[in-house]
Amino acid sequence: MARLFDLNPEQQTAVKCTEGPLLVLAGAGTGKTRVITMRIAYLLHQGASAASILAVTFTNKAANEMRARVSQLVDKPDAKKLTLCTFHALCVRILRQEIERFGYKSNFTIYDEADQLALIRKIIARISATNEKLDPNLAKNLISRAKNEHWRIKEPAGESSLAAAVFHRYQEELKAANAVDFDDLLILTVRLFEEYVDTAEKWQNRYRYIMVDEFQDTNRLQLELVRYLGAKHQNVCVVGDDDQSIYGWRGAEVANILEFEHHFPKPAIVKLEQNYRSTASILGAANSIIRHNPRRRPKTLWSRNGEGEKVVVLEVPDDHEEANFVISEIQKRQQIGNLSWNRFAIVFRMNAQSRLLEENLRRLRIPYRLIGGRSFFERREVKDILAYLSCLANPNDDLNFLRIINTPARGIGNSTIELAVAESNQHQTSVYQTLLSPAFLDLLSSRTRTAVEKFAELLDRYETEVLQPLANLSVIAQKFLDEIDYPGELRRNCKTQEEAINREENVRELIRTLSDYQLRSNDGLIGFLAEMTLDQDRDDKNEDTPDGITLITFHAAKGLEFPHVFLIGLEEGILPHDRSKVDGQLDEERRLFYVGITRAMETLTVTHCATRTKYGSPSPCHPSSFLKDLDPAHVERINYHVIANQPASEGTARTHFAKMRELLGGM
DNA sequence: CGGTCTATAATTTTT
DNA sequence: TTATAGACCG
């Protein structure tokens, strides 16, 4: 463990404190991931078995990154035996073994938010009276909140009668479809531990050492889960930073980290305050902002990186000028230092703010990467194919079944489907089961009957094939798609050739992903589908990331770092956002600003506009109230007009020349 | 039923 | 400005 000497004293303490509860307060850029990975290596070195170590993260990305880094420190077989995953993946793993106690089958399907919404829409349409209206999105949020708040209580929350009815029905239908949603994964696992002491003990014994990353982002249920798992051995190490808690609006409880000792008594507490990322100026600015939050564990970041340039704060006339200024500033620095575009990030509060930037960057032909936007999985063809595969894995999942029952059209029309749904409701069976029943088939015309029988036979045949132990899933999937002529369907539904080609490529991509999956996993189709649902952020996973300026929201920027960071739109109403000025959410907005500041390694520029075009019309803006808290010792306020009137510097002129030549050359 | 029109509202989004 | 949902009409 010679590598231990690479760590600072606090980090070493955190790594070596293996027994009993441990709270690591890891400020931004203080080497948090390093501590966790080293701690895992240290535990193994001390003789702990890899199978007894559990490390939980929030995102798949974090889990993958951690696994990669641990793999460099420990033996390969050990690395494989570690349980290193997200909360939800851990719950899936546990529930695949235990869920039958709750009346589900172990091949349960996981509904993502789109599935949830589709189901809720269906239910609202079915049960609401004509004069009643309920926004499905609102209903989804109510249901999720109710499930999270009342998971101990069987009765739904006292919402409006329609919402309560939808809630009730929703839960019934999920169960009937042998499906669970994201909340259920946590709820059922916690309930499992609560209600079955022997099972709880089994898992407590399994995981002797538990680590939780980003603990400030855990919600109530995730805390419960950790409490149960760690109850016996108490070797629970949580790592996080209350100052970076920015997901309160999604149910994260900062209290979990602020009151850690209530749940795990007498923990060791280690503060990591030495920052390895930023200059002293940037940290000074960050400290001066976060200091104003009342409920927090005080920390003061410091670094040996030197003072660096002062943080620049600049008021610009309007949002167009803002975009202009930021981009030309980046262009200038890129040119002068011959830097790659990768080193620059522009950070904003709302996705809408990226628009102007994009327009400008496109016009100037500067490469950029826009982070965020959930797309791949919202594409119809991807959803369709996953629905097909889902039906092969769990044909009783009505939602997925109905999605594809007549796609491509195969002679099972709406009236037949309605009849089948009605029958299935009456007999409390799935639509698929209904289709198989002779009683139902007798109700149909001979032509429809043939179509239904053919479809049932098709599913049954492939279901069998998929279940073969040595089944090559991607080959089967491809064969299946060809047999139902999905490519044809795709072409028929596309207006342009271009669109069709694009969608076909998406299909190939998915099949390829399935093929890759099978090379590294033995969990079959069920496992693949779960992974697809639990890891939807797989847009550019395969593509090698090209060079470009990063455009990103404050939220999405957490955990990342860039040499040169521009925080834009620091205006009252945007950051802090108007919609968050109710109850105590101002703290979180401040933390958001803090997160933004601490992304910067070398330079930080903050802009705000005097006027901004909001919803089409210009409206005056005031500087964010947070700006006045910035320690003047680390900040330089620049007058925009002075810069604007400067003649173009040599660097800029050269840039323009180069661009022009490039343009001309291309013609 | 499906297309077009009009009113309305407008963060952030790990699983 | 723009996206979306509901109304409205052919």
Side-chain angles (χ1 to χ4, degrees), chain A residues 56-65 85-93 110-117 121 124-125 130 133-138 140-141 144 147-148 180-187 189 212-219 221-222 225 240 244-252 319-320 347-356 359 371-375 377-378 414 530-538 552-560 569 571 573-582 585-586 588-589 591-593 595-596 612-619:
Chain A
V56 190
T57 61
F58 263 82
T59 64
N60 292 288
K61 197 176 151 213
N64 293 336
E65 191 186 317
C85 61
T86 65
F87 272 104
H88 294 264
L90 174 68
C91 291
V92 171
R93 182 185 286 226
I110 304 165
Y111 275 18
D112 66 14
E113 296 202 6
D115 298 328
Q116 258 184 300
L117 211 53
R121 279 210 178 97
I124 291 176
T130 41
K133 273 181 214 135
L134 183 62
D135 173 14
N137 262 307
L138 182 72
K140 177 166 85 57
N141 292 338
S144 178
K147 284 170 93 157
N148 275 285
V180 297
D181 63 21
F182 288 148
D183 292 326
D184 286 336
L185 288 172
L186 298 169
I187 292 170
T189 311
V212 184
D213 191 16
E214 305 281 16
F215 193 66
Q216 76 281 354
D217 290 335
T218 49
N219 65 22
L221 281 159
Q222 287 157 338
L225 196 62
Q244 293 186 71
S245 165
I246 55 174
Y247 283 101
W249 52 276
R250 258 181 144 258
D319 43 354
H320 287 91
V347 183
F348 36 80
R349 176 67 229 267
M350 293 177 297
N351 289 118
Q353 288 173 268
S354 72
R355 213 191 163 105
L356 273 179
E359 284 172 13
I371 311 288
R374 300 161 279 171
S375 39
F377 281 81
E378 280 164 15
N414 271 341
E531 187 171 297
M532 288 299 101
T533 313
L534 293 179
D535 186 6
Q536 309 220 327
D537 175 41
R538 43 172 310 98
I552 194 168
T553 63
F554 279 86
H555 281 92
K558 193 179 73 163
L560 305 179
E571 292 137 37
I574 294 195
L575 185 68
H577 196 277
D578 271 334
R579 301 262 311 219
S580 62
K581 284 189 181 164
V582 275
Q585 289 195 34
L586 204 65
E588 189 156 301
E589 294 289 302
R591 291 194 289 265
L592 212 43
F593 186 27
V595 166
R612 173 178 296 275
T613 316
K614 282 179 180 160
Y615 314 132
S617 49
S619 69

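Just so we're clear, the structure is a prediction, and the values are computed from it rather than from any experiment. The basis for the numbers below is simple: all heavy atoms, side chains too, and nothing from hydrogens, waters or symmetry mates. The chains referred to below are lettered A, B, ... by the order of the sequence lines, with proteins before strands, and numbering in each begins at 1.
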Using whole Å, report how far [atom1] of [X] lies from [atom2] of [N].
| X | N | atom1 | atom2 | result |
| --- | --- | --- | --- | --- |
| Asn60(A) | dT13(B) | CG | P | 17 Å |
| Leu586(A) | dT11(B) | CG | C1' | 14 Å |
| Lys614(A) | dT8(B) | NZ | P | 22 Å |
| Arg250(A) | dT15(B) | CZ | C1' | 7 Å |
| Asp112(A) | dT13(B) | CG | C1' | 13 Å |
| His320(A) | dT1(C) | NE2 | P | 11 Å |
| Lys558(A) | dT15(B) | NZ | P | 11 Å |
| Asp183(A) | dT15(B) | CG | C1' | 9 Å |

Between Lys140(A) and Asp181(A), does at least one N-O distance fall below 4.0 Å, as a salt bridge requires?
no

Looking at Arg355(A) and Glu359(A), is there a salt bridge between them, counting it only when a charged N and a carboxylate O are closer than 4.0 Å?
yes

Using the aromatic ring of His555(A) (for Trp, its six-membered ring), decide whether it stacks on the base of dT12(B) within the limits of 5.5 Å and 30°.
no

Trp249(A) over dT12(B), stacked by centroid distance under 5.5 Å, angle under 30°:
yes

List in chain and number order the residues that pass ring pair (Phe, Tyr, Trp, His ring centres under 6.0 Å) with His555(A), two or more places apart in sequence or in another chain; answer none if no residue qualifies.
Tyr247(A), Trp249(A)

Nucleotide N/O to protein N/O under 3.5 Å, stretch nucleotides 2-5 of chain C:
unit_1, atom_1, unit_2, atom_2, d
dT2(C), OP1, Arg355(A), NH2, 2.8

Sequence-distant partners of Arg121(A), side-chain contact (heavy atoms from CB on, under 4.5 Å), two or more places apart
Leu117(A), Pro136(A)

Any side-chain N or O of [X] below 4.0 angstrom from OP1/OP2 of [N]?
| X | N | answer |
| --- | --- | --- |
| Asn351(A) | dT12(B) | yes |
| Thr57(A) | dT14(B) | no |
| Arg579(A) | dT12(B) | no |

Do Thr533(A) and Tyr111(A) come within less than 4.5 Å of each other through their side chains, counting heavy atoms only?
no

Given the options Asp184(A), Leu90(A), Leu225(A), Thr189(A) meets side chain to side chain contact (heavy atoms under 4.5 Å, CB included) only with Leu225(A)

Going from CD on Glu588(A) to CZ on Phe593(A), what distance comes out if it is rounded to the nearest 0.5 angstrom?
16.0 Å

Tyr615(A) has its side chain closest, among dT15(B), dA10(B), dT13(B), to dA10(B)

